[in-house]
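Notes for the one structure printed next.
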Amino acid sequence: MALPTLSKADLIALSETDVTQPIPKESIFAALATPPFLYIPGTFNTRDLGLLPLTTTPPSNNPNGQSRRKVGIRPGLIYRSGGFFPNGGFNDAAKTQLATQLGIKKIFDIRSVREHSHAPDPEIPGVKNIWIGAEATEKEATVNLADFLEGKGEQGYVKMYMDVLAGYKDVIGALLRSILETPEEPQPILFHCTAGRDRTGVVAGLLLSLAGVSEEDVEMDWMLSRIGTEMAREQLLGFAMKGAGVNSMESAGFGNLVSLRRECWAAFVREVKRVYGGWEGYVRGELGLGVGEVERIGKVLRGE
C-alpha cells in the first residue's frame, strides 16, 4: 500500500520542527514519500530539484494578462543528496537506481580533501565521479560558536555559506559548465556533500535561482533539509558537537548552529547580493562565466 503524501503547507510546517526534537515516524515517512524527496538505499536527504513544489501566480495577478516566464528546474535533471554509505545500504541495487532509473551521468562531490579521502564516492558503471580538491576547503572541521551567539545565528550562517561559495568555487564552476556541454540533450547530474544540508543547500539555492525560482521557494528547499536529515539526525548532531568542540547541546550558540531558520538563509542571500550583486553576479564574477552562458544555463535548467 502506498504511503500517504503531504501537501506543500504540511512540508513547510514539518520543516520547522525543532532539531532537538524527533519528527514523529508517521510524519517523517509520509514526508519522505512526498516529492521532491526520493528514496535511495544508503543515502538520505535525496531530492529531485525539479519536483520542488513552486508557488504559482494566478493569471489574474499577471500585469497586462501576460503569461509568466517558465520558472523552475525541469524534473529528472538535477538531484541533490547527502553522502553515500555502502555499510548503510548503498548497494548494487541503489547504484542501478541512480544510473538506470534516474539516468544520472555525473556525480559532483562537494566535500573537502579529508572527507573525500576518508570515504570516496562509490564507482558506478556509466556514472562519472567529479571531485575537485582545494586548499580553501581544508580548514579544520571546527566551528566558532561565537559566530552563532547573536539572534538566530545569522552571522554564523552568512560566514559559513560565503566560505562555501569561495572555497568550493572550482567544483561549483565545473558543475555549471557541465550543464552547457550537451544543452540539446542535458545529462542528469547529482551533487552532494556529507549531510546534504549546508554546502549542498548553497549549490541548490544557486541552481534554483538561476532557473528563476522565487526566493520564497528557494528558501523552502533549504528548509526541507530538516526533514531530509531526520533519519540521521542523532548522528549529525553528534558530528556537529564534535566539530564545535562541545559536550552538550545546551552550549551557547550550538542550537543556532544546528537549526535551520528562515532568517539565516535570508541573511545569506542579502550578503550574496551585497558582495556579488546577486547569484548571477557570483557566477560571472567569481566563476568566470559570461552573460550568455548564464542565460543558457537558465534555459537548460528550465527545459527551454
Side-chain angles (χ1 to χ4, degrees), residues 15-21 44-45 80 82-83 109-119 131-172 191-206 218-219 221-226 228-230 232-276 279 282 286:
S15 73
E16 296 173 346
T17 304
D18 191 313
V19 73
T20 64
Q21 302 298 317
F44 61 97
N45 205 7
R80 58 173 292 175
D109 183 348
I110 314 172
R111 295 181 298 165
S112 68
V113 174
R114 181 174 302 181
E115 291 170 298
H116 176 80
S117 61
H118 177 70
W131 171 81
I132 302 174
E135 290 185 7
T137 71
E138 281 310 288
K139 299 177 181 178
E140 290 293 325
T142 57
V143 174
N144 185 1
L145 286 183
D147 294 332
F148 293 85
L149 291 177
E150 296 183 4
K152 295 185 177 181
E154 293 92 339
Q155 177 183 341
Y157 269 97
V158 167
K159 180 178 179 181
M160 182 166 61
Y161 285 0
M162 293 300 285
D163 283 348
V164 169
L165 290 179
Y168 290 89
K169 66 179 182 179
D170 289 340
V171 68
I172 296 173
F191 60 95
H192 75 93
C193 54
T194 295
R197 192 189 92 150
D198 297 309
R199 289 165 290 188
T200 298
V202 169
V203 176
L206 167 63
V218 173
E219 183 181 89
D221 175 73
W222 181 70
M223 290 288 294
L224 287 180
S225 279
R226 171 62 189 93
T229 58
E230 173 63 20
R233 184 180 63 88
E234 293 185 359
Q235 296 93 320
L236 293 175
L237 285 174
F239 179 78
M241 289 176 64
K242 181 178 179 180
V246 299
N247 296 316
S248 170
M249 289 194 295
E250 301 300 323
S251 299
F254 186 76
N256 284 340
L257 167 66
V258 296
S259 297
L260 292 177
R261 298 190 177 107
R262 300 179 185 280
E263 294 87 348
C264 296
W265 180 262
F268 165 59
V269 172
R270 287 195 298 272
E271 186 70 358
V272 171
K273 293 177 180 178
R274 186 188 72 82
V275 175
Y276 300 112
W279 293 104
Y282 165 74
E286 196 73 12

Heavy-atom count around Glu150 CD within 6.0 Å, excluding the residue itself: above 12? no

For the residue pair [X] and [Y], what are the closest heavy atoms and their distance?
X      : Y      : answer
Met249 : Leu237 : SD-CD1, 3.8 Å
Trp222 : Cys264 : CH2-CB, 4.1 Å
Leu260 : Tyr157 : CD2-OH, 4.1 Å
Ala119 : Arg111 : O-NH2, 2.7 Å
Leu257 : Arg197 : O-NH2, 3.2 Å
Gly196 : Ser225 : O-OG, 3.4 Å

Could you check Val269, Val272, Val202 and say which one makes a side-chain contact (heavy atoms from CB on, under 4.5 Å) with Tyr161? Val202

Please identify which of these residues, Met160, Gln155, Met162, meets the side-chain contact (heavy atoms from CB on, under 4.5 Å) condition with Val158. Met162

If you measure from [atom1] on [X] to [atom2] on [Y], what distance do you get to the nearest 0.5 Å?
X      : Y      : atom1 : atom2 : answer
Arg226 : Thr17  : CZ    : OG1   : 5.5 Å
Glu16  : Arg261 : CD    : CZ    : 11.0 Å
His192 : Asp109 : NE2   : CG    : 4.0 Å
Arg274 : Glu271 : CZ    : CD    : 4.0 Å
Lys169 : Ile132 : NZ    : CD1   : 12.0 Å
Thr200 : Asp221 : OG1   : CG    : 10.5 Å

Evaluate the side-chain proximity of [Y] to [X]: yes if any heavy-atom separation is below 4.5 Å, no if none is.
X      : Y      : answer
Phe239 : Thr194 : no
Ser112 : Tyr168 : yes
Phe254 : Thr20  : no

If you apply the rule ring-ring contact (aromatic ring centres under 6.0 Å, His included), what do you find for Trp279 with Tyr282, and how did you get there? CA-CA 5 Å; Trp279 293 104; Tyr282 165 74; 7.1 Å; no

Does Ser251 use its side chain to pair, donor to acceptor, with the backbone of Ser248 at less than 3.5 Å? yes

Ignoring hydrogens and angles, state whether a donor on the side chain of Ser15 or Arg262 is under 3.5 Å from an acceptor on the partner side chain. no

Quick one: do the Thr229 and Asn45 side chains pair a donor with an acceptor below 3.5 Å? no

If you apply the rule side-chain contact (heavy atoms from CB on, under 4.5 Å), what do you find for Val218 with Trp265, and how did you get there? CA-CA 9 Å; Val218 173; Trp265 180 262; 3.8 Å; yes

Could you go through Val164 and Phe268, starting from their C-alpha distance and side-chain angles, then the distance that decides it, and tell me whether this counts as side-chain contact (heavy atoms from CB on, under 4.5 Å)? CA-CA 11 Å; Val164 169; Phe268 165 59; over 6 Å; no

Can you check salt bridge (charged side-chain N to carboxylate O under 4.0 Å, His left out) on Arg199 and Glu115, steps first, answer last? CA-CA 13 Å; Arg199 289 165 290 188; Glu115 291 170 298; 2.6 Å; yes

